[in-house]
Amino acid sequence: MKYKAEIGYVTLGLCATNSYFIRGIDEAGNPMDEVIFVDPADRGDLLYSKLAEKGLLVKAILLTHGHFDHIWGVDDLVKAAGGVPVYASLTEKRMLSNRDDNLSADYGRPCTVKVDSWLQDGEEIILCGHRIRCIHTPGHTEGSMCYYFEDADILFSGDTLFEESVGRTDFPTGSSSQLIRSIREKLLLLPDDTVVYPGHGDLTSIGHERQYNPFVC
């Protein structure tokens with residue numbers, strides 16, 4: 001039987017962005033006090049302190065893409081956690097290093113992100129006991145990356161796939177045709193019971209989106 005992950009989240013920032021943390025697992029599949037953080041949207045220092053109050057330690061940060069509302073909390077979280085590594089798609093390097101492309105300059109808080117490990121499509125990494133498949137899904141941005149935790153049947157989809165919707169494509173490096181192709185040819189191939197944790201809005205599942213999402217059905 002697959003491990004059912006312990007996942008927490010907070011919704012914060014100008015765009016009501018979902019920021020997630022998932023607990024690590026030991027060799028027996030039991031939860032540990034180490035967590036992986038996905039898309040710290042803002043207030044990284046506060047996020048760290050709230051986790052620390054629960055006895056949880058941040059060990060890694062995964063970024064689904066480089067837009068300001070998913071990265072404003074990265075630097076403060078990295079510092080508070082003592083220099084934990086940041087992971088992102090290699091194709092998103094331009095976005096994460098350009099204040100105009102990531103739109104942070106437009107919203108009055110210009111920022112860039114230092115990434116420690118650049119990821120490729122199809123690459124598998126192991127963090128905190130989880131085996132994670134990195135799925136490059138260009139469309140919302142050219143370097144958007146989804147993270148599939150096969151041991152727990154979960155997918156962090158960023159702004160690629162939402163409940164009965166998809167991400168917008170009118171920002172720099174966006175492409176509607178690429179977005180739809182990414183979802184149809186990569187994400188909808190995952191098992192129906194895969195729970196999808198999107199960057200905004202409510203949780204959904206691959207099976208539900210395959211049947212009810214009007215953009216990709």
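Every value quoted in this text rests on a predicted model; they were computed, and no experiment measured them.
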Exercise for the section: Taking the side chain as every heavy atom from C-beta outward, state whether Glu185 and Leu189 have any atom pair closer than 4.5 Å. Expected result: no
Practice task
For residues Pro138 and Ser182, report the shortest heavy-atom separation together with the two atoms involved.
Solution key: O-OG, 2.7 Å
Practice task
Measure the acute angle between the ring planes of His208 and Tyr212, then classify it against the limits of 30° and 60° as parallel, tilted or perpendicular.
Solution key: tilted
Problem - Check: Tyr197 ring centroid to Tyr9 ring centroid under 6.0 Å - result: no
Problem - Backbone N/O of Cys111 and side chain of Ser104: donor-acceptor pair under 3.5 Å - result: yes
Problem - Thr204-Glu164 side chain donor-acceptor pair, cut-off 3.5 Å - result: no
Fill in the blank from the handout: Residue set satisfying salt bridge (Lys or Arg N to Asp or Glu O under 4.0 Å) with Asp75, at least two apart, ordered chain then number -> none
Practice task
Search all heavy atoms of Gly143 against all heavy atoms of Ser89 and return the closest pair with its distance.
Solution key: O-CB, 3.0 Å
Practice task
Identify, with sequence neighbours excluded, every residue that meets salt bridge (Lys or Arg N to Asp or Glu O under 4.0 Å) alongside Asp45.
Solution key: Arg43
Practice task
Starting at CG of Leu190, measure out to OG of Ser205 and round the result to the nearest 0.5 Å.
Solution key: 11.5 Å
Problem - Within 6.0 Å of CZ in Phe171, more than 12 heavy atoms from elsewhere - result: yes
Exercise for the section: Could you tell me the separation between the CG atom of Leu179 and the OG1 atom of Thr137, rounded to the nearest 0.5 Å? Expected result: 7.5 Å
Handout entry: Minimum-distance pair of heavy atoms, taken over all atoms of Glu209 and Val216
Key = O-CG2, 4.1 Å
Practice task
Find the distance between CD1 (Ile206) and CG (Leu161) and round it off to the nearest 0.5 Å.
Solution key: 6.0 Å
Problem - Passing option when Asp121 is tested against Lys186, Arg133, His136 for side-chain hydrogen bond (donor to acceptor under 3.5 Å, both in side chains) - result: Lys186
Problem - Co-members of the apolar cluster containing Leu96 [side chain, <4.5 Å] - result: Val10, Leu12, Phe21, Val35, Phe37, Leu47, Tyr48, Leu51, Leu56, Val58, Ile61, Leu63, Ile71, Val74, Leu77, Val78, Val84, Val86, Leu90, Val113, Val115, Trp118
Handout entry: Sidechain-backbone polar pair: Trp72 side chain, Arg109 backbone, donor-acceptor under 3.5 Å
Key = yes
Completion exercise
Note: Ile22 and Ala5 closest approach over all heavy atoms is CD1-CB, 3.6 Å
Handout entry: Those residues that, when tested against Ser175, pass side-chain hydrogen bond (donor to acceptor under 3.5 Å, both in side chains) (two or more places apart)
Key = Ser177
Exercise for the section: Is it possible for you to say whether Phe156 and Phe162 belong to one hydrophobic cluster, with membership spreading through side-chain heavy-atom contacts below 4.5 Å? Expected result: no
Problem - same_hphob_cluster(Tyr20, Leu119) at 4.5 Å side-chain heavy-atom cutoff - result: yes
Practice task
Write down the atom of Thr160, the atom of Ile183, and the distance for their closest heavy-atom approach.
Solution key: O-CD1, 3.5 Å
Practice task
Quick one: do Leu62 and Ile125 satisfy side chain to side chain contact (heavy atoms under 4.5 Å, CB included)? Show the steps, please.
Solution key: CA-CA 11 Å; Leu62 295 175; Ile125 57 175; 4.3 Å; yes
Handout entry: Side-chain H-bond candidate by donor/acceptor type, Asn18 with Thr11, under 3.5 Å
Key = yes
Exercise for the section: Keeping the roles fixed (side chain from His140, backbone from Thr169), state whether a donor-acceptor pair exists under 3.5 Å. Expected result: no
Handout entry: Presence of salt bridge, Arg131 and Glu150, under 4.0 angstrom
Key = no
Handout entry: Under 3.5 Å donor-acceptor, Asn213 side chain and Phe215 backbone
Key = yes
Problem - Side-chain heavy atoms of Cys128 within contact of Ile25, under 4.5 Å - result: no
Problem - Criterion side chain to side chain contact (heavy atoms under 4.5 Å, CB included) on Ile132 and Glu124, from CA distance to verdict - result: CA-CA 5 Å; Ile132 306 163; Glu124 288 194 347; over 6 Å; no
Problem - salt bridge (Lys or Arg N to Asp or Glu O under 4.0 Å) partners of Asp116, counting only residues at least two apart - result: Lys114
Problem - Close side-chain approach of Asp159 to His70, heavy-atom, < 4.5 Å - result: yes
Handout entry: Validation row: His200, Cys15 side chains within 4.5 angstrom (heavy atoms)
Key = yes
Practice task
Can you see which heavy atom on Tyr147 is nearest to which on Ala88, and at what distance?
Solution key: OH-CA, 3.9 Å
Handout entry: Rounded distance [0.5 Å steps], CG in Asp69 versus OG1 in Thr17
Key = 3.5 Å
Handout entry: Spatial distance of atom OG (Ser176) from atom CZ (Arg181) [nearest 0.5 Å]
Key = 10.0 Å
Exercise for the section: Go through the steps for Leu187 and Val196 under the test side chain to side chain contact (heavy atoms under 4.5 Å, CB included), then give the verdict. Expected result: CA-CA 10 Å; Leu187 300 188; Val196 179; over 6 Å; no
Exercise for the section: Please test Thr173 against His65 for side chain to side chain contact (heavy atoms under 4.5 Å, CB included), starting from the C-alpha separation and ending with a verdict. Expected result: CA-CA 11 Å; Thr173 79; His65 63 291; over 6 Å; no
Fill in the blank from the handout: Result for side-chain hydrogen bond (donor to acceptor under 3.5 Å, both in side chains) between Arg23 and one of Glu34, His130, Glu6 points to Glu6
Fill in the blank from the handout: Hits for salt bridge (Lys or Arg N to Asp or Glu O under 4.0 Å) against Arg99, two or more places apart or cross-chain, chain-then-number order -> none
Practice task
Kindly work out whether a path of hydrophobic side-chain contacts (I/L/V/M/F/W/Y, heavy atoms less than 4.5 Å apart) joins Ile36 to Leu57.
Solution key: no
Problem - Partner of Glu92 under side-chain hydrogen bond (donor to acceptor under 3.5 Å, both in side chains), chosen from Thr64, Thr141, Asn102 - result: Thr141
